[in-house]
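Start at 1 and go down the list; that is how both ligands and their atoms are numbered. Basis for what follows: all heavy atoms, side chains included, without hydrogens, waters or symmetry-related copies.
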Amino acid sequence: MATPGVGRSPDHEAWWRSAVVYQIYPRSFADSDGDGVGDLTGIVEHLDHIQELGIDVIWLSPVYRSPQRDNGYDVSDYQAVDPLFGTLEDLDRLLAAVHLRGMRLIMDLVVNHTSDQHPWFLASRGSRDVATSGWYFWRDARPGTVPGEPGSEPNNWGSSFAGSAWTWAPERGQYYLHLFSASQPDLNWDNPETREAVFTMMDWWLDRGVDGFRMDVINFISKDPRLPDGPLTRDGYGDGMPYFSHGPRIHAYLAEMKSRVFDPRPGSYLTVGEMPGVTPEQAREFTDRDRGQLAMVFQYEHVSLDADGDKWTQRRMSVNDLRDTLSRWQTALGDTGWNSLYWNNHDQPRVVSRYGNDATYWRESATALATVLHLHRGTPYVYQGEEIGMTNAEFAGIDDYRDIESLDYYARAVGTHREDVSVVLDTLRRRSRDNARTPMQWSAAPGAGFTTGSPWIGVNANHSWLNVASQRGVPGSIYEYYRALIALRHRLPAVVDGHFAAVETGRDQIYAFRRHLGDTALTVYANLSDQPVSLDRKDRLARDLVLANYPASRRDPDRLEPWEVRVYVR
Ligand code: NOJ
């Protein structure tokens, strides 16, 4: 079903190195039938927007059949589309429309776990005597304890959302492991039949014509088989990360996936592995082209700089830390390996509200952050709404939230730990994943042009002025700036292949770097702060300015204004 002419090159050329990816979170993108939830037809209707931005690849967050406990990251049928989003035929139509426009589409592959409603799990839970009995992690209660009572779990790991990582299944008389919610049991990759089932499913999608996969928490698929207790954390559970985030067989499994699924196919695919906790050294191994396990990974360091230990404990992000982290990853994956570049996704608060200034310097900080990101070496990702500078949700009360992680956190903080409600709400306002999930702001219409019905989650009130319609074709808008930035990548080979070197300016607020390729050198100066900052003589050298986020009339050769960015080429 692959569309001829698109996506398949005869060799294993790394086409994704020059690509820009756009992430769609389907439930919040565009609702074509007025039920308040975005759908596949809604996406088809808005492909012009994505194409005009200059996008090469769309990453579609999960649309598979799912009870939607974690908005589709809990899959109950990998080979069906959830009726909420449409049908398989709608998906084929979308794929064909994307290909017709010369773009590509990658699917979200959620195979560290399934939904607890997946037939594999339902059978496994019901009996030890079925084919899928060993497809999940089943363990007895700790010896000498009463099964099902707190404290009798097989180990002390906490789950990523809330509570223990183990749930008692009386039908089977055992506990099952879930690194996320109890509705997301972890698949046992040590079982060869489990792996084969996943690979067969991947084949099915590739045969349908998709161009690759974003792989959900793929570095968690190999667990230390002893499943040992982990060091205790603030919430009283053990941290299992040391035993599952880079487990003993992770390279073996990804190598097997490559040889079993991808190698037999002509052409090359975009594979990006989401990897919380991955180090630059590990990322280099995963993305080393000679090994060919993954095209790139999503690392977390630069989006963890404002968290102290766990995501709910805030600390101030310093520009020095940000610069150090970004340039360290650039250098570490400079010659071997490849970076993915992102600020936002469906799990992260909006970057303009988080690291930028969404009030006084909304436009300036959104464009400065975008410039820094897109002119790095690697493949940039734009999350829906980022291209118009969408901001955090500013929800008033707990009833506004929909996200399982946020609701679990609130229940624990307020219900169990008796924390102050206004403090907890303030934390959610800054940290909740729902900040990223409010409907795409297409227009100033009541449903923001997202829906004619009642949206599944509140529309941000600022859609009255912050929307696509008010920016498209408007010089100086964030949207038009993103277009220019993406066009620069497509025009200048130095943006794709240029060597990265940090430039020392002696100013804490400035992040400056250079990309060279042959005779071309591209230099970026960005003031990542609310204060103006003076420039040294050596940084004022006359060169060709190719991009700037302040108008010429406000550009002072001796200093950078708040959040001002300049890109020079020589
Ligand atoms: C990472 C996904 O991005 C997130 O949304 C999800 O909740 C977890 N993995 C579990 O699938």
Quick one: ligand 1 N/O to protein N/O pairs below 3.5 Å?
from     : atom 1 : to   : atom 2 : distance (Å)
ligand 1 : 3 (O)  : R214 : NH2    : 3.1
ligand 1 : 3 (O)  : H346 : NE2    : 2.8
ligand 1 : 3 (O)  : D347 : OD2    : 2.5
ligand 1 : 5 (O)  : H346 : NE2    : 3.0
ligand 1 : 5 (O)  : D347 : OD1    : 2.7
ligand 1 : 5 (O)  : D347 : OD2    : 3.4
ligand 1 : 5 (O)  : R433 : NH1    : 3.3
ligand 1 : 7 (O)  : D70  : OD1    : 3.4
ligand 1 : 7 (O)  : D70  : OD2    : 2.5
ligand 1 : 7 (O)  : R433 : NH1    : 2.9
ligand 1 : 9 (N)  : D216 : OD1    : 2.9
ligand 1 : 9 (N)  : D216 : OD2    : 3.1
ligand 1 : 11 (O) : H113 : NE2    : 2.9
ligand 1 : 11 (O) : D216 : OD2    : 2.7

N71 and Y25: side-chain donor and acceptor closer than 3.5 Å? yes
Residue that, paired with W59, satisfies side-chain hydrogen bond (donor to acceptor under 3.5 Å, both in side chains) out of D108, N345, D211: D108
Between D400 and G397, is there a donor-acceptor pair closer than 3.5 Å when you use the side chain of the first and the backbone of the second? yes
If I take atom CZ from residue R489 and atom NE2 from residue H376, how far apart are they, to the nearest 0.5 angstrom? 10.5 Å
Does a salt bridge link R328 with E301, judged by any charged N lying under 4.0 Å from a carboxylate O? yes
What's the verdict on side chain to side chain donor-acceptor pair (under 3.5 Å) for D358 and N392, showing C-alpha distance, side-chain angles and the deciding distance? CA-CA 9 Å; D358 63 10; N392 276 352; 5.9 Å; no
